[in-house]
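Structure record follows, encoded as structure tokens.
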Amino acid sequence: MISNTYKIITYGCQMNESDSERMGAQLESIGYRKIEDFKEAQVILINTCCVRESAENKIFGKIGELKHIKQQNPAVILGVTGCMAQKDGEALLKKMPHLDFVLGTNKIHDLCGLINKLKAKRKHLVDLAPADGGPMEEVMPPKSSSWSVWLPIMYGCNNFCTYCIVPYVRGREHSRPLEAILQEAQQYAKQGVKEITLLGQNVNSYGKDISKSSFAELLARLDEIKGLERIRYMTSHPRDLSDEVIKVIKYSKHICTHFHLPVQHGSDRILKAMNRGYTTASYRHLIEKIRSEIPGCSLTTDIIVGFPGETEDDFQMLEDFMREIRYDAAYTFLYSKRSGTPAAKMENQVPQEVKKQRLQKLMDMQNEISLQINEDLRGKILEVIVEGPSRTDENVYTGRTATNKIVLWPKRGTEKAGDLLRVKIEQPQTWVLKGEALYE
Ligand code: 5AD
Ligand code: SF4
């Protein structure tokens with residue numbers, strides 16, 4: 001064990017990754033240093049997700065695995081943060097007594113205080129604010145040396161989709177003040193950051209709770225910041241995406257032309273049971289509007305297969321709808337029963353085997369569509385922001401287009417992460433586009 005070192009193991013969505021960065025910044029402010037190997041770290045945090053049961057099971061496995069580290073080195077500080085921490089609190093300590101603390105999602109700004117308390121007096125600690133304990137305090141931003149950063153703009157969700165645990169865990173929507181976000185973005189731009197990704201469970205309703213600003217205004221102001229090449233955001237709710245936001249994106253210089261609009265299902269009966277607040281007709285209308293205003297934009301989605309009561313007919317409607325919309329890519333999930341949500345109590349839960357078969361069918365169909373869409377890009381020259389060497393070959397570089405497509409090319413020039421580069425697409429595939437960089 002190396003003293004004053006930490007490791008954060010992160011599960012789940014981008015919001016968790018962002019929270020981990022901010023917790024890391026706090027630990028660094030009191031002299032800790034990040035290391036890769038958790039076996040060597042003095043403070044180990046597991047930042048958790050509870051959106052699906054499969055995630056929870058994996059995390060329980062990981063926490064169990066850490067037991068022998070604690071046995072070998074009782075001085076190691078072991079904590080659980082994130083959504084499972086907020087949801088289960090004290091119960092986690094009872095189930096896993098080798099843990100030192102549990103820190104809720106609305107208390108991450110207090111991490112250093114908690115670590116200091118633990119050092120002074122070793123005992124189990126739980127620090128949870130109620131999920132809806134009012135606006136979250138500002139959390140220290142990471143001192144980023146990276147070219148790309150997460151930027152949370154709001155926390156929580158007001159939607160209560162009937163399958164989803166998030167609103168119970170993360171509480172109601174709380175927007176960060178517009179000025180705080182702009183200031184942070186300006187600071188990043190000065191440090192050389194080229195790409196920011198705005199985060200929130202439902203970014204389109206940004207500002208509604210503080211009534212002084214809107215997502216459209218925030219995007220327009222961020223677009224003016226010198227040095228930022230790419231502005232991304234996630235996640236959008238199809239019901240709340242305003243015409244004004246579409247207009248701002250259309251006339252912006254740096255806002256990416258990629259729309260991630262989770263439809264979740266293609267049967268109106270299921271959408272109603274999910275409490276999504278839109279119909280297939282209104283969703284279709286929205287997509288038509290976006291595609292006519294911003295031709296060439298890309299569209300991705302999230303889908304849940306096997307929601308309670310989903311019949312073969314409903315599933316057929318989902319398949320037909322996805323075929324009609326033609327998404328560039330879709331993230332497909334098996335419905336997972338989350339206790340405490342209304343859907344968990346619904347009758348006609350779909351058997352796991354049926355869910356799996358339907359999911360496979362949908363994925364096969366979507367892969368075909370993704371490949372067809374990418375095939376149209378053969379021979380095109382696309383501008384990418386360089387991300388760096390690919391995972392499998394350091395001579396092959398990877399980058400992303402403004403439409404969020406991953407591009408791979410053999411590196412022959414001096415390009416580095418954060419640079420803009422033009423690449424001619426020669427071999428489109430389902431998930432990536434392979435090509436040759438144009439150096440001139
Ligand atoms: N089961 C399966 N998928 C879920 N999601 C949210 N809750 C559940 C659940 N109970 C999916 C939704 C959401 C994505 C982040 O996770 O598709 O958009
Ligand atoms: Fe969950 Fe729905 Fe909120 Fe997304 S919008 S976080 S799916 S409740």
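Both backbone and side-chain heavy atoms feed into the values below; hydrogens, waters and symmetry mates do not. In listed order, ligands and their atoms are each counted from 1.
For atom 1 (Fe) of ligand 2, the closest heavy atom belonging to the protein is C164 SG, 2.3 Å. In terms of protein heavy atoms, atom 6 (S) of ligand 2 is closest to Q201 CG, 3.5 Å. Atom 15 (C) of ligand 1 has D302 OD2, 3.8 Å as its closest protein atom, hydrogens excluded (heavy atom only). Nearest to atom 10 (N) of ligand 1 among the protein's heavy atoms is S336 O, 2.8 Å. The protein non-hydrogen atom at the shortest distance from atom 7 (N) of ligand 1 is Y163 CD1, 3.3 Å. Protein heavy atom in closest approach to atom 2 (C) of ligand 1: L334 O, 3.2 Å. Closest to atom 7 (S) of ligand 2 among all protein heavy atoms lies Y163 OH, 3.3 Å. Residue, atom and distance of the protein heavy atom nearest to atom 5 (S) of ligand 2 are N159 ND2, 3.4 Å. The protein heavy atom nearest to atom 3 (N) of ligand 1 is R52 NH1, 3.2 Å. Of the protein's non-hydrogen atoms, the one nearest atom 12 (C) of ligand 1 is Q264 OE1, 3.5 Å.
Minimum interatomic distance between A329 and S370 (heavy atoms only, all atoms of both residues): CA-OG, 4.0 Å.
Residue E383 qualifies as enclosed at atom CD: its count of foreign heavy atoms under 6.0 Å is above 12. Other residues, nucleotides and ligands place no more than 12 heavy atoms under 6.0 Å from the OH atom of Y331. Within a 6.0 Å radius of NZ in K289, other residues, nucleotides and ligands contribute more than 12 heavy atoms. Residue E324 qualifies as enclosed at atom CD: its count of foreign heavy atoms under 6.0 Å is above 12.
In F333, the part holding a heavy atom less than 4.0 Å from any atom of ligand 1 is the side chain. Under 4.0 Å from ligand 1, the heavy atoms of I304 that appear belong solely to its side chain.
Counting only N and O atoms by type, the side chains of D209 and S175 include a donor and acceptor under 3.5 Å apart.
Residue R338 places no N or O, backbone or side chain, under 3.5 Å from any N or O of ligand 1. Between Y335 and ligand 1, no N or O atom pair is found at a separation short of 3.5 Å.
Residue E195 forms a side-chain hydrogen bond (donor to acceptor under 3.5 Å, both in side chains) with just one option from R400, H254, R232, and that option is R232.
The ligand atoms of ligand 1 that sit less than 4.0 angstrom from a heavy atom of V51 are 6 (C), 7 (N), 8 (C), 9 (C), 10 (N). The atoms of ligand 2 that sit less than 4.0 Å from any heavy atom of V166 are 6 (S). For ligand 2, the atoms lying closer than 4.0 Å to a non-hydrogen atom of P167 are 8 (S).
At a threshold of 4.5 Å between non-hydrogen side-chain atoms, the residues M346 and T162 count as touching.
By the 4.0 Å N-to-carboxylate-O rule, K208 lies too far from E173 to be salt-bridged with it. A salt bridge links K62 and E65; the closest N-O separation between the charged side-chain nitrogens and carboxylate oxygens is under 4.0 Å.
When distances to atom 2 (Fe) of ligand 2 are checked against a cut-off of 2.8 Å, C161 contributes an N, O or S atom below that limit. Not a single N/O/S atom of C157, whether from backbone or side chain, sits less than 2.8 Å from atom 1 (Fe) of ligand 2.
Contact annotation: T341 has no heavy atom less than 4.0 Å from any atom of ligand 1.
Rounded to the nearest 0.5 angstrom, F259 CZ and I294 CD1 are separated by 3.5 Å.
Cation-pi geometry between K117 and F101 is not met: the NZ or CZ atom fails to fall both under 6.0 Å from the ring centre and inside 45° of the normal.
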